[in-house]
Asker: 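My questions will all concern the structure given below.
If you read the sequence from its start, that first residue is 1, and numbering goes on from there. Both backbone and side-chain heavy atoms feed into the values below; hydrogens, waters and symmetry mates do not.
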Amino acid sequence: MTDQTSTDLGVQGVPQDAMRRLAELQPGRPGSIFTSDLSVNEFLLVREAGFRPLGLVLGSSIYHVGLQIGRWGRNQELDVLSQAMYHARELAMSRMEAEAQALSADGVVGVRLDVEMKEFGSDIAEFIAVGTAVLAEEGAGGGGVKDWRNNKNLPFTSDLSGQDFWTLIRAGYAPLGMVMGSCVYHIAHQRLGAKMGNIGRNVELEQFTQALYDARELAMSRMQAEAEALHAEGIVGVQLRQHSHTWGSHTTEFFAIGTAVRPLREDHVIERPTMVLSLDS
């Protein structure tokens with residue numbers, strides 16, 4: 001690892017211990033090893049697709065989430081909280097990408113992006129991004145691909161499983177990056193008169209429906225905007241998660257995440273599913 005690389009990692013907030021660990025990872029050299037959080041099956045399929053694991057890379061950010069009060073009877077996005085949740089995840093992801101850059105990786109597969117609330121305080125959380133940095137070998141993806149990085153010259157990132165990654169590559173597509181969108185939303189309280197009027201009735205709570213609908217749409221549209229910035233053809237493996245964290249029953253976060261992809265060639269070869277008969281009784 002060069003002095004310039006160490007400096008760049010330091011600017012990103014990567015600690016010295018991580019730099020020393022990365023410097024010891026030299027896969028392919030005699031006596032060196034790689035590290036990976038891939039399962040055995042995932043590891044073998046990633047290798048079969050033409051990618052060699054280099055090492056486990058991670059990024060972490062412990063973030064103090066600010067305070068924003070929503071109006072009691074109004075549906076509204078809490079912009080301060082939305083920005084905090086997005087920025088904290090982005091810090092963790094960028095540090096993971098910086099570690100992958102230090103290993104001269106072409107991408108990071110099997111990425112997990114988690115949030116853990118800490119005992120330091122109810123408004124403090126750790127955002128963690130972990131994955132396996134990989135290097136494309138000659139002929140990876142069927143050959144003919146000169147550069148596996150995205151249009152920002154960063155290693156691609158993907159939260160697909162090793163099996164899904166293999167299937168994607170074999171079908172003539174490549175991941176560009178994980179894309180995400182976040183929206184923290186305050187859901188208006190129902191007035192006492194409305195509550196009393198609904199007792200014993202089957203009725204849609206339109207105010208609640210609209211709030212959750214709006215929040216999901218904001219998260220989804222922000223994820224799509226990130227994919228468009230990567231010039232992606234589409235997004236696969238989309239997950240739309242809901243977290244209440246510690247904000248109470250009327251404030252919730254909707255978080256959309258998926259893997260943006262691009263075609264490698266026009267003649268996609270999509271393998272036919274094969275029938276498997278179990279011999280178990």
Asker: Is there a path from Ile235 to Tyr173 through hydrophobic residues (I, L, V, M, F, W, Y) whose side chains come within less than 4.5 Å of each other?
Answerer: no
Asker: Quick check: closest heavy atoms across His243 and Thr252, and the distance to 0.1 Å?
Answerer: O-OG1, 3.1 Å
Asker: Do Pro53 and Arg47 touch side chain to side chain, with heavy atoms closer than 4.5 Å?
Answerer: yes
Asker: If you take all heavy atoms of Leu264 and Ala174, which pair is closest and at what distance?
Answerer: CD2-CB, 3.5 Å
Asker: Within a strict 4.5 Å, meaning less than it, do heavy atoms of the Glu42 and Phe165 side chains meet?
Answerer: no
Asker: Would you indicate whether the side-chain heavy atoms of Leu230 and Lys152 approach each other to under 4.5 Å?
Answerer: yes
Asker: Using 4.0 Å as the upper bound for N to carboxylate O, is an ion pair formed by Glu77 and Arg222?
Answerer: yes
Asker: Between Ile169 and Pro175, is there a side-chain heavy-atom distance shorter than 4.5 Å?
Answerer: yes
Asker: Is the terminal nitrogen or CZ of Arg262 (NZ for Lys, CZ for Arg) located under 6.0 angstrom from the six-membered ring centre of Phe156 and within 45° of that ring's axis?
Answerer: no
Asker: Same cluster or not: are Phe51 and Leu38 linked, directly or through other Ile, Leu, Val, Met, Phe, Trp or Tyr residues, by side-chain heavy atoms under 4.5 angstrom apart?
Answerer: yes
Asker: Please check if Leu154 and Ile257 belong to a single hydrophobic cluster, counting links between Ile, Leu, Val, Met, Phe, Trp and Tyr side chain heavy atoms closer than 4.5 Å.
Answerer: no
Asker: Working to the nearest 0.5 Å, report the span between CD of Gln101 and CZ of Arg95.
Answerer: 15.5 Å
Asker: Hey, which of Arg89, Arg216, Arg241 is the one that makes salt bridge (charged side-chain N to carboxylate O under 4.0 Å, His left out) with Glu253?
Answerer: Arg89
Asker: Answer with yes or no whether the side chains of Ser60 and Glu126 bring together a donor and an acceptor at under 3.5 Å.
Answerer: yes
Asker: According to a 4.5 Å side-chain heavy-atom criterion applied to Ile, Leu, Val, Met, Phe, Trp and Tyr, with indirect links allowed, do Val179 and Val238 form part of one hydrophobic cluster?
Answerer: yes
Asker: Main chain of Ile128, side chain of Asp114: is a donor-acceptor contact present, judged purely on distance under 3.5 Å?
Answerer: no
Asker: Between Val236, Val109, Val261, which is the residue that forms a side-chain contact (heavy atoms from CB on, under 4.5 Å) with Leu160?
Answerer: Val236
Asker: I need the Leu44 CG to Trp166 CH2 distance, nearest 0.5 Å.
Answerer: 12.5 Å
Asker: Where the side chain of Asp106 meets the backbone of Ala136, is there a donor-acceptor pair that is under 3.5 Å apart?
Answerer: yes
Asker: For the residue pair Leu54 and Phe34, what are the closest heavy atoms and their distance?
Answerer: O-CB, 3.5 Å
Asker: Roughly how far, to the nearest 0.5 Å, is CD of Glu228 from OG of Ser221?
Answerer: 9.5 Å
Asker: Quick one, Leu103 and Glu99 - any side-chain contact, counting heavy atoms below 4.5 Å?
Answerer: no
Asker: Indicate the atoms forming the closest heavy-atom contact of Arg170 with Arg265, along with that distance.
Answerer: O-NH2, 3.7 Å
Asker: So do Phe127 and Met85 actually touch side chain to side chain, heavy atoms under 4.5 Å?
Answerer: yes
Asker: Indicate yes or no: at least one non-hydrogen side-chain atom of Tyr185 is less than 4.5 angstrom from one of Leu212.
Answerer: no
Asker: Please walk me through it: do Val134 and Trp148 pass side-chain contact (heavy atoms from CB on, under 4.5 Å)?
Answerer: CA-CA 11 Å; Val134 296; Trp148 288 91; over 6 Å; no
Asker: Would you indicate whether the side-chain heavy atoms of Ile187 and Asn75 approach each other to under 4.5 Å?
Answerer: yes
Asker: Would the distance check show the side chain of Thr132 and the main-chain N or O of Asp37 forming a donor-acceptor pair, the cut-off being under 3.5 Å?
Answerer: yes
Asker: Is it the case that one hydrophobic cluster holds both Leu113 and Val108, taking links as side-chain heavy atoms less than 4.5 Å apart, direct or via other members?
Answerer: yes
Asker: If I take atom CZ from residue Phe43 and atom CZ from residue Arg52, how far apart are they, to the nearest 0.5 angstrom?
Answerer: 10.5 Å
Asker: Let me confirm one number: the OG1-CG distance from Thr251 to Leu81, rounded to the nearest 0.5 Å.
Answerer: 7.5 Å
Asker: Please report the shortest heavy-atom distance between Pro155 and Ala100, naming the atom on each side.
Answerer: CG-CB, 4.2 Å
Asker: Please give me the minimum heavy-atom distance between Val46 and Gly162, naming the atom from each residue.
Answerer: CG2-CA, 4.3 Å
Asker: Does Met178 offer a backbone N or O that forms a donor-acceptor pair with the side chain of Thr157 under 3.5 Å?
Answerer: yes
